[in-house]
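This is the structure I want to talk about, given as structure tokens.
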Amino acid sequence: MIGKLKVNNTLTKKKEVFEPLNPPHVGLYVCGPTVYSDVHLGNVRTFMSFDVIYRYLKFLGYKVRYVRNITDVGHLLDSGEDRISKKATLESLEPMEIVQKYTNDFHDVMATFNILCPDIEPTATGHLMEQLAMIDQLVDNGLAYESNGSVYFDIEKYNKENTYGKLSGRKIEDLLNQTRELDGQDDKKNPLDFALWKKAAPEHIMRWKTKWSDGFPGWHLECAVMSTKYLGKEFDIHGGGMDLQFPHHECEIAQSYGTYKKEPARYWLHTNMLTVNGQKMSKSLGNSFLPKQLISGDHELLSQGFSPMTIRFFMLQSHYASTLDFSNEALIAAQKGYFKMANGMRIIKKMEFAENTEATIDEKQKEQIEKFCDNCYYAMNDDFNTALTIGHLFNILKKINAIHTGQLSMAAIGKETFERMKSTFISFNEEVLGIKAEDSLPGGQLLDIILKEYQQAKEARNYDKVDELRSALKAGGIVVKDMKTGIDWAYEE
RNA sequence: GGUGCUGUGGCCGAGUGGCUAGGCAGAGGUCUGCAAAACCUCCUACAGCAGUUCGAAUCUGCUCAGCACCUCCA
């Protein structure tokens, strides 16, 4: 490995060297979606960011267990209705039909963007027993109490042995000063206490019979249960969107620590928001884009559609912890950049090192290329800086193109450097960043036949035919490249 | 109101005390039947003001602008 992996830990607010608890194993937990409606692009960004984190950890040789949950109960609206129940009522469907529908949709979207599946994808309803057991344990530990059929977590007691609010940098006193008036407050000892188990109102569909009441689990409980169940009482990385930091993740820590007396995750990573005109993309603001709208271009802010890989490329050109502003112009620029990269991948894959004992080694070029390769590791090691990594890949790409067009001799950099350049370029693009050639792009044998025709026309100096073929191909998104070394093609940028 | 974050060249976006990514757009050049592609070169910025420093876009302070989160049923 080149250098050490450092991650920005939002728990300590420091960039720290990443050291797994039980190397080579790494436990990674990410809060997944609540499956009550279509995922939008902001959601996609978060899961894509953790996809790259997952990929890079594996690339470094870690044996990663990646757990990402599906929330299928307990995530409520301001009105107190369960998001899934509400949708089920509206569409006259079973809650589980809603869950299935949007889980399927979620999986489709993930696959579209080449986001790998997690190793375990547990659901909240599938872990009710474990949730009940955790509540019992918390009650036994004196950190939870029953009130009117519901069970609440006792923040005041918890705070005697730990610090509630440390992840999000909040102080209990401040929180108390700005409590909102919400339904159900009367049952609680302290307004900051949160529900572990909630007694269901008569009209509530999703409900389970327990010793406390006919009810349902609190939203924060599932993640505490499922992360520790599959990754252990202590594990390596916990991630999620920044908007979950408070209160969701704060409550998770409280529950896990309250149950096991151990800090659950050693490193907390939070992804930043996707913005539109500087504002957070969110359903409630009505400024969210659905993946399919972006792909088809069916949106008033878009002049055209963009392919999934273009979107992936666009998102990875920023760092996961920065906000990323979404615009038509930025996407067009990203599209050109992506095609350039995709062309480079196609070229390098076909390229084989040709021995030439006559050639003299160009030490300067060789050194540069070696440095660019090292830089890819340094960039990813620096808190998964995909934007910087892409920059270095473009530097490598220049060398690849120069060799391809005969402007730089392959032999001049030597076999070793050539092979390293090739494998670094391909693996960082494909394995680490998950950038690949778009399935929908043209290519293959037919194209070769046409190009042969082109070449023959060219040799015969039949320039009318040459121009005709060239413009016909261009109309199909293919640009012909006449080089000293031969004829090739590229995706039009 | 509390807490935190951000402000980078025409645009997007990294970086974060001296070596000053990358992409897109623009200019010039090489190559070419003409082009395109590709390569080379150029355009060298860090909201404003003050301070610390030999040196700041990077640290400190203030100002301005913008954003995010603010529970327990988000």
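Letters A, B, ... are given to chains in the order of the sequence lines, protein chains preceding strands, and every chain is numbered from 1.
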> Checking all strands, does Lys458(A) fall into the base, sugar-phosphate, or nothing category for heavy-atom contacts under 4.0 angstrom?
Replying inline: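 Base contact.
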
>> Can you identify which nucleotide, out of A68(B), C39(B), A21(B), has its nearest atom closest to the Asn395(A) side chain?
In response: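 Nearest to the side chain of Asn395(A) among the choices is A21(B).
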
> Can you check side chain to side chain contact (heavy atoms under 4.5 Å, CB included) on Trp208(A) and Asp214(A), steps first, answer last?
Replying inline: CA-CA 5 Å; Trp208(A) 290 265; Asp214(A) 238 23; over 6 Å; no

>> Counting only Watson-Crick pairs (N1-N3 plus N6-O4 or O6-N4) and G-U wobbles (N1-O2, O6-N3), all under 3.5 Å, who is the partner of C64(B)?
In response: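 Result: G7(B).
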
> OP1 or OP2 of G22(B) sitting under 4.0 Å from any side-chain N/O of Lys340(A)?
Replying inline: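 Looking at the OP1 and OP2 atoms of G22(B), neither is under 4.0 Å from any side-chain N or O of Lys340(A).
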
> Whole-Å distance between A38(B) P and His404(A) NE2?
Replying inline: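 These atoms are roughly 10 Å apart.
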
>> Taking atom CD as the centre, does Glu161(A) end up with more than 12 heavy-atom neighbours from other residues, nucleotides or ligands that are less than 6.0 angstrom away?
In response: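 Counting other residues, nucleotides and ligands, CD of Glu161(A) exceeds 12 neighbours.
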
> With respect to the side chain of Ser318(A), which nucleotide from A14(B), U16(B), C24(B) is positioned closest?
Replying inline: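 Selected nucleotide (nearest to the side chain): A14(B).
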
> Which base, if any, makes a Watson-Crick or G-U wobble pair with U44(B), both distances under 3.5 Å?
Replying inline: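 Base-paired to nothing in any strand shown.
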
> Just wondering, do Tyr338(A) and Arg312(A) contact through their side chains at under 4.5 Å, heavy atoms?
Replying inline: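 No; the side chains remain at least 4.5 Å from each other.
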
> When you check the phosphate oxygens OP1 and OP2 of A35(B), does a side-chain N or O of Lys474(A) lie under 4.0 Å from one of them?
Replying inline: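 No, because none of the side-chain N or O atoms of Lys474(A) sits under 4.0 Å from OP1 or OP2 of A35(B).
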
> Considering only side-chain heavy atoms of Ala387(A), which listed nucleotide, A35(B), C69(B), A14(B), is closest?
Replying inline: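 So the nucleotide nearest the side chain must be A14(B).
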
> Would the number of heavy atoms belonging to other residues, nucleotides or ligands and lying under 6.0 Å from NZ of Lys474(A) be above 12?
Replying inline: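 Counting other residues, nucleotides and ligands, NZ of Lys474(A) stays at 12 neighbours or fewer.
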
> Met483(A) CE to A36(B) P: how many Å, rounded?
Replying inline: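 To the nearest whole Å, that distance equals 16 Å.
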
>> I need the CD-C1' distance between Gln317(A) and G22(B), as an integer number of Å.
In response: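 Whole-Å distance recorded here is 8 Å.
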
>> Rounded to whole Å, please give me the gap between CG in Asp464(A) and P in G33(B).
In response: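 The answer, rounded to whole Å, is 16 Å.
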
>> Let's see if you can work this out: which of C24(B), A35(B), A37(B) has an atom nearest to the side-chain heavy atoms of Lys481(A)?
In response: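 Selected nucleotide: A37(B).
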
> Relative to the 5' end of RNA chain B, which residue comes earlier, Gln279(A) or Asp382(A), by the nucleotide with the nearest heavy atom?
Replying inline: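 Here Asp382(A) is the residue nearer the 5' end.
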
> Counting side-chain heavy atoms from C-beta on, which of G23(B), C34(B), A14(B) comes nearest to Asp467(A)?
Replying inline: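 Minimum distance to the Asp467(A) side chain belongs to C34(B).
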
> Which part of the nucleic acid does Asn272(A) contact within heavy-atom distance under 4.0 Å: base, sugar-phosphate only, or nothing?
Replying inline: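 Nothing, no heavy atom under 4.0 Å.
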
> A36(B), C24(B), G13(B): which one has an atom nearest the side-chain heavy atoms of Lys336(A)?
Replying inline: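 Output: C24(B).
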
>> Over all strands shown, is Leu324(A) touching base, sugar-phosphate only, or nothing at heavy-atom distances under 4.0 angstrom?
In response: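 Result for Leu324(A) = sugar-phosphate.
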
> Atom CD1 of Ile390(A) and atom C1' of G23(B): how far apart are they, to the nearest Å?
Replying inline: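 To the nearest whole Å, that distance equals 9 Å.
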
> When the distance from CG of Asn375(A) to C1' of A14(B) is rounded to whole Å, what number comes out?
Replying inline: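 Rounding to the nearest Å, CG of Asn375(A) and C1' of A14(B) are 13 Å apart.
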
>> Tell me whether Lys189(A) forms a cation-pi arrangement with Tyr145(A), defined as NZ or CZ under 6.0 Å from the six-membered ring centre and within 45 degrees of its axis.
In response: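 Pair Lys189(A)/Tyr145(A) counts as cation-pi.
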
> Within this structure, what is the NE2-to-P distance between His270(A) and C69(B), rounded to whole angstrom?
Replying inline: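 In whole Å, C69(B) P lies 13 Å from His270(A) NE2.
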
>> I want to verify a distance call: between A37(B), A21(B), C69(B), whose nearest atom is closest to the Arg170(A) side chain?
In response: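 Within the option list, the nearest is C69(B).
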
>> Is the distance from the ring center of Phe113(A) to that of Phe47(A) below 6.0 Å?
In response: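 Distance test on ring centres: not under 6.0 Å, no.
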
>> Pairing check on C69(B): which nucleotide meets the Watson-Crick or G-U wobble criteria with it, both distances under 3.5 Å?
In response: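 Partner of C69(B): G2(B).
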
> Below 6.0 angstrom between ring centroids: does that apply to Phe428(A) and Tyr377(A)?
Replying inline: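 Judged by ring-centre distance (under 6.0 Å), Phe428(A) and Tyr377(A) do meet the cut-off.
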
>> What's the closest nucleotide to the side chain of Lys15(A) if the choices are G33(B), C70(B), U16(B)?
In response: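 The listed nucleotide nearest to Lys15(A)'s side chain is U16(B).
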
> Taking the nucleotide of RNA chain B with the closest heavy atom to each, which residue, Leu196(A) or Thr275(A), is nearer the 5' end?
Replying inline: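 Upstream on the strand: Thr275(A).
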
>> Whether Ser322(A) contacts A14(B) is assessed here as follows: a side-chain N or O lying under 4.0 Å from the phosphate OP1 or OP2. Is that the case?
In response: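 Yes, such a contact exists.
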
>> Among Asn9(A), Asp382(A), Asp383(A), Asn8(A), which residue satisfies the side-chain hydrogen bond (donor to acceptor under 3.5 Å, both in side chains) criterion with Lys15(A)?
In response: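 With Lys15(A) as partner, side-chain hydrogen bond (donor to acceptor under 3.5 Å, both in side chains) holds for just one option, Asp382(A).
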
> Under 4.0 angstrom, heavy atoms only, what part of the nucleic acid is Phe394(A) near: base, sugar-phosphate, or nothing?
Replying inline: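 The residue Phe394(A) makes sugar-phosphate contact but no base contact.
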
>> Looking at U53(B), which nucleotide sits across from it as a Watson-Crick or G-U wobble partner, both distances under 3.5 angstrom, or is there none?
In response: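 By the stated definition (distances under 3.5 Å), nothing pairs with U53(B).
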
> Whole Å only: how far is the CG atom of Asp325(A) from the P atom of G7(B)?
Replying inline: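 Rounded to the whole Å, the gap is 13 Å.
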
> Just checking Arg461(A): base, sugar-phosphate only, or nothing, at a heavy-atom cut-off of under 4.0 Å?
Replying inline: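 Counting heavy atoms under 4.0 Å across all strands, no contact is made by Arg461(A).
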
> Where the side chain of Ala402(A) is defined as all heavy atoms beyond and including C-beta, which of U16(B), C34(B), C39(B) is the nearest nucleotide?
Replying inline: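 Taking heavy atoms from C-beta onward, the closest nucleotide is C39(B).
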
>> When you measure only distances, ignoring hydrogens and angles, does the side chain of Arg470(A) come within 3.5 Å of the base of A36(B) through a donor and an acceptor?
In response: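 Under the 3.5 Å cut-off, the side chain and the base do not form any donor-acceptor pair.
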
> Can you find a side chain N or O atom of Asn385(A) that sits less than 4.0 Å from OP1 or OP2 on A14(B)?
Replying inline: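 Result: no.
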
> What is the nucleic acid contact for Asn401(A), judged by heavy atoms within less than 4.0 Å: base, sugar-phosphate only, or nothing?
Replying inline: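 Here Asn401(A) touches the backbone only, sparing every base.
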
>> Counting the atoms with a prime plus P, OP1 and OP2 as sugar-phosphate, which does Thr323(A) contact under 4.0 Å by heavy atoms, base, sugar-phosphate, or nothing?
In response: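 No contact at all - Thr323(A) keeps every heavy atom at 4.0 Å or more from the nucleic acid.
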
> The side chain of Lys398(A) lies closest to which of these nucleotides: A14(B), A68(B), C40(B)?
Replying inline: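 When the side chain of Lys398(A) is considered, C40(B) is the closest of A14(B), A68(B), C40(B).
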
